[in-house]
Amino acid sequence: GAVVSQHPSWVICKSGTSVKIECRSLDFQATTMFWYRQFPKQSLMLMATSNEGSKATYEQGVEKDKFLINHASLTLSTLTVTSAHPEDSSFYICSATPRGSDTEAFFGQGTRLTVV
Amino acid sequence: LAKTTQPISMDSYEGQEVNITCSHNNIATNDYITWYQQFPSQGPRFIIQGYKTKVTNEVASLFIPADRKSSTLSLPRVSLSDTAVYYCLVVRGKLIFGQGTTLQVKP
């Protein structure tokens, strides 16, 4: 089956530093990847849509200069949390949609970010 | 994008069949209905997807009436390991998650 891998699974960083999270589709090409954030006991909140070779589209209220998204290839998208603060601590999840489909999405295992 | 509404929580016992209903009154012609399962600190896992009538796979069935304004996920003979949050999504392009249904399976 289709596999999406996120790295790292968890990360602790100091306030003010930047953290990069990778999302890879291992066995398919993904023209579109999505980034979500999930706080405890809440649902997933879509942050941005990432299309290969073009700028990401951010949802309302998500700071594009703080959450930098790069989708450089059909199998890799990265989310960089810049100048992280404790309130950025959350569970970040990516999903990838296979090329040619707009109804399927496969999710990574998530990345737990803790900013201290 | 069509909004979905589902119960916030449900309780069941091991061995019972569980049915979770989701309403999506504004579903569009090209939209598919997809259900995901999520365990704590994990990404959502695909369960089943359908467009109309009934779809069955090795883990669940999905019932969709003719008007497609609702759908029901059926989990046969649940076990403790089925305790999770279940999300119903109407999919066309990006996936917007609603509140989900927290299913608690008791021994």
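These numbers come from a predicted model, not from an experiment. Chain A is the first sequence line, chain B the second, and so forth, proteins listed ahead of strands; every chain is numbered from 1.
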Which atoms of B:Gln99 come close to chain A, meaning under 4.5 Å heavy atom to heavy atom: side chain ones, backbone ones, both, or neither?
backbone
A:Glu22/A:Arg24 under salt bridge (charged side-chain N to carboxylate O under 4.0 Å, His left out): CA gap, chis, key distance, verdict:
CA-CA 7 Å; A:Glu22 292 187 348; A:Arg24 293 181 184 274; 3.5 Å; yes
Among B:Pro44, B:Ser41, B:Gly98, which residue has the highest count of heavy-atom pairs closer than 4.5 Å to chain A?
B:Pro44
So A:Thr82 and A:Leu68, do their side chains get closer than 4.5 Å, heavy atoms only?
yes
Does any N or O in the side chain of A:Ser73 come within less than 3.5 Å of the main-chain N or O of A:Thr75, such that one atom is a donor and the other an acceptor?
yes
Centres of the B:Tyr87 and B:Tyr36 rings: under 6.0 Å?
no
Does the ring centre of A:Phe106 sit less than 6.0 Å away from the ring centre of A:Phe28?
yes
Which atom pairs, donor and acceptor, lie under 3.5 Å between side-chain atoms of residues 100-107 of chain B and protein residues at least two apart or in another chain?
| residue | atom | partner | partner atom | Å |
| --- | --- | --- | --- | --- |
| B:Thr101 | OG1 | B:Gln6 | NE2 | 2.8 |
| B:Thr101 | OG1 | B:Pro7 | O | 2.5 |
| B:Lys106 | NZ | B:Asp11 | OD2 | 3.4 |

Expected contact set for residues 31-63 of chain A against chain B at heavy-atom separation under 4.5 Å reads A:Phe34, A:Tyr36, A:Gln38, A:Gln42, A:Ser43, A:Leu44, A:Leu46, A:Thr49, A:Glu59
Just wondering, do A:Cys13 and A:Leu113 contact through their side chains at under 4.5 Å, heavy atoms?
yes
